[in-house]
Amino acid sequence: MNQTSRSLLWIVSIAMLPVFCACQEESISREDEGKDQVPGDYPTNGPVKAEIIYEGEIPRLYRNGQPYFVKGAAYNNFIDLVPAYGGNSIRTYGVNEDTQAVLDSALENKLTVCLGIWVNRETDGFDYNNEQEVVKQKERIRQEVLQFKDHPAVMIWGIGNEVDSRYTNYKVWNFIGEVSDMIHELDTNHLTTTVLAGADPTDIVEIAQRAPSLDILSVNTYNAISLAQGKIAGAGWTKPYMITEWGPNGTWGNVPTTPWGGIYELTSTEKAQVYTDVYSQHIAANINKGCIGSYTFLWGYQTHGAVATWYGLFTTKKKPLAAAQSMYYSWKGGYPANRAPRIESSESLTLNGKTDVDDIVLKVGDENYASIKAVDLEGDQLTYEWQIVREGLVIYRDQRFEGSLPGLEGLFTSSDQKSVTFNMPGEGEYRLYAFVHDSHENVAFAAIPFKVEK
């Protein structure tokens with residue numbers, strides 16, 4: 001697949017709705033969104049009331065009596081940076097030993113929390129026909145709600161994450177409905193939602209019938225985010241909804257690959273444009289169509305996945321990528337004073353004079369030459385960092401390493417120039433990274449998947 005074809009595939013998959021319509025609506029949406037800020041007197045004691053109030057047929061989220069549009073982060077790391085970039089909320093996925101500390105940190109940073117309640121999934125082996133296990137799970141959830149319901153940072157209970165993933169038993173929605181009922185009995189101050197993997201209208205209809213007390217519908221969507229609002233409305237859902245994960249197209253979706261399965265990756269500059277466009281066209285533009293906010297994915301950095309850097313708005317060293325600055329723009333209405341360096345396209349990174357779409361195969365022991373082109377809008381001095389990792393890299397908790405990734409050591413003759421040489425001692429599938437740093441702690445990167453043979 002050539003560069004032009006690949007670019008067209010990315011564009012079509014993230015922008016299926018007419019841009020001019022989104023732009024027309026955005027002027028209205030931005031005006032409404034600007035009203036939805038955390039009040040200066042952020043409550044710090046006791047539970048804080050969250051509710052849905054309708055303006056005609058349009059649902060609005062209110063917290064502490066004030067309109068509240070969720071400018072949220074799917075939380076992984078660096079919670080203190082969320083308000084600095086204009087965010088007001090984080091999302092978690094389940095209760096664990098860190099939950100109290102996360103809630104306290106959110107409170108300290110004047111953030112709200114969509115507190116995840118883990119619901120066992122059929123795809124992981126849970127049987128919703130096993131009444132004994134269902135009762136046991138419900139009691140565990142009851143205890144979790146009682147433990148945290150009065151914390152000032154809690155705003156929404158997220159009952160389950162993607163329980164619809166490869167499932168067949170609709171009883172899970174009855175269970176979630178019962179949990180929502182129970183939460184409303186135990187906690188009259190906060191709202192309930194459940195999170196779907198996509199916006200399948202059949203699932204939405206079942207949820208409306210089997211879990212009618214849910215206050216909000218939540219959807220994780222990437223490749224098909226342009227279709228989400230229409231599917232939700234088309235299924236007859238009239239309550240508010242949130243997009244609880246979103247970002248560049250998922251590696252599991254229709255993304256271009258090499259013949260051996262290496263996934264082509266957008267540069268950090270290209271990803272940032274995706275975040276800007278998606279927020280404008282499919283989140284802010286739908287404020288008057290039921291959307292009460294979103295949680296961008298991923299706040300912090302990835303630790304695993306098909307490609308370790310696919311999501312993540314910061315490096316492992318807490319340095320912002322351009323995608324983080326896109327959220328700053330989306331949430332605050334303007335960019336920070338100093339922008340991340342720019343790597344305009346994957347063609348800016350070459351390996352032996354070739355780009356990623358040339359499906360590069362190297363030979364063990366041969367000398368190879370790589371080069372990167374980057375610019376800085378403010379003219380800052382740029383420095384360079386090169387890394388090679390095995391495909392499918394996993395970053396372990398508390399793992400210590402010096403660079404932006406735990407790359408393979410001893411491969412480069414030098415690793416701090418815009419051009420470098422290296423040789424590969426063994427066969428396998430790898431990814432070459434060029435990280436570009438400016439003098440204000442901002443970072444850009446590009447990557448090439450490659451294969452090594454004898």
Side-chain angles (χ1 to χ4, degrees), residues 10-36 52-61 67-74 89 91 114 156 158 161-162 164 191-209 211 214-250 253-254 274-297 326-327 330-331:
W10 281 106
I11 292 169
V12 170
S13 59
I14 67 171
M16 296 175 67
L17 293 183
V19 174
F20 72 89
C21 292
C23 293
Q24 288 175 339
E25 292 177 358
E26 185 182 359
S27 61
I28 300 173
S29 301
R30 288 294 185 189
E31 181 180 353
D32 291 339
E33 186 185 352
K35 302 174 185 176
D36 301 326
I52 301 298
I53 297 176
Y54 284 80
E55 298 176 2
E57 296 182 351
I58 301 173
R60 305 290 192 199
L61 172 62
Y68 196 98
F69 188 78
V70 176
K71 301 176 181 180
S89 189
R91 177 197 170 199
C114 178
I156 300 168
N161 182 67
E162 299 188 356
D164 56 320
L191 303 168
T192 61
T193 188
T194 193
V195 179
L196 299 179
D200 188 321
T202 301
D203 292 334
I204 297 171
V205 170
E206 292 293 335
I207 289 169
Q209 294 175 351
L214 286 173
D215 301 295
I216 303 161
L217 182 72
S218 293
V219 174
N220 296 341
T221 180
Y222 297 88
N223 303 38
I225 191 170
S226 62
L227 305 176
Q229 191 279 329
K231 285 186 173 182
I232 292 168
W237 186 266
T238 58
K239 296 179 182 180
Y241 74 91
M242 297 189 296
I243 303 297
T244 38
E245 284 184 15
W246 63 276
N249 291 352
N254 186 24
V274 172
Y275 278 97
T276 300
D277 292 346
V278 169
Y279 189 88
S280 171
Q281 296 171 22
H282 307 306
I283 296 170
N286 289 325
I287 287 175
N288 293 328
K289 295 182 179 180
C291 182
I292 59 171
S294 73
Y295 291 89
T296 187
F297 192 87
S326 288
M327 295 316 305
S330 297
W331 288 336

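In what follows, residues are counted from 1 in the order of the sequence shown.
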What donor-acceptor contacts under 3.5 angstrom involve side-chain atoms of residues 239-247, with partners at least two apart or in another chain?
unit_1 : atom_1 : unit_2 : atom_2 : d
K239   : NZ     : P212   : O      : 2.6
K239   : NZ     : L214   : O      : 2.6
T244   : OG1    : V219   : O      : 3.3
T244   : OG1    : N220   : OD1    : 2.8
E245   : OE1    : Y222   : OH     : 2.6
E245   : OE2    : Y93    : OH     : 2.7
W246   : NE1    : S294   : OG     : 3.2

With sequence neighbours excluded, tell me which residues meet side-chain hydrogen bond (donor to acceptor under 3.5 Å, both in side chains) with [X].
X	value
S326	T276
D203	Y167
E57	none

Give the minimum heavy-atom separation between [X] and [Y], together with the two atoms involved.
X	Y	value
C114	S89	N-OG, 4.4 Å
D200	T202	OD1-N, 2.8 Å
N223	G250	OD1-N, 2.9 Å
G72	W331	O-CZ2, 3.4 Å

Practice task
Decide side chain to side chain contact (heavy atoms under 4.5 Å, CB included) for I156 and T192; before the verdict, give the C-alpha distance in whole Å, the side-chain angles of both, and the deciding distance to 0.1 Å.
Solution key: CA-CA 6 Å; I156 300 168; T192 61; over 6 Å; no
Practice task
Quick one: do N249 and N254 satisfy side chain to side chain contact (heavy atoms under 4.5 Å, CB included)? Show the steps, please.
Solution key: CA-CA 8 Å; N249 291 352; N254 186 24; over 6 Å; no
Practice task
List the steps, then state whether side chain to side chain contact (heavy atoms under 4.5 Å, CB included) holds for T296 with R91.
Solution key: CA-CA 9 Å; T296 187; R91 177 197 170 199; over 6 Å; no
Practice task
Determine yes or no for a side-chain-to-main-chain donor-acceptor pair under 3.5 angstrom, with T193 supplying the side chain and I216 the backbone.
Solution key: yes
Exercise for the section: Could you tell me whether the side chain of N286 and the main chain of C291 form a donor-acceptor pair under 3.5 Å? Expected result: no
Distance in Å, [X] [atom1] paired with [Y] [atom2], rounded so as to fall on 0.5 Å steps:
X	Y	atom1	atom2	value
L191	D215	CG	CG	4.5 Å
N161	S218	CG	OG	9.5 Å
I283	Y275	CD1	OH	10.5 Å
R60	E55	CZ	CD	4.5 Å

Handout entry: Residues in salt bridge (charged side-chain N to carboxylate O under 4.0 Å, His left out) contact with E206, at least two apart in sequence or another chain
Key = R210
Problem - Qualifying residues under ring pair (Phe, Tyr, Trp, His ring centres under 6.0 Å), relative to Y295, sequence neighbours excluded - result: none
Exercise for the section: Please report the C-alpha distance between I204 and L196 in whole Å, then the side-chain angles of each, then the deciding distance to 0.1 Å, and finally whether the side chain to side chain contact (heavy atoms under 4.5 Å, CB included) criterion is met. Expected result: CA-CA 9 Å; I204 297 171; L196 299 179; 3.9 Å; yes
Exercise for the section: Side-chain contact test, heavy atoms from C-beta onward, threshold under 4.5 Å: evaluate it for P201 versus W237 and give yes or no. Expected result: no
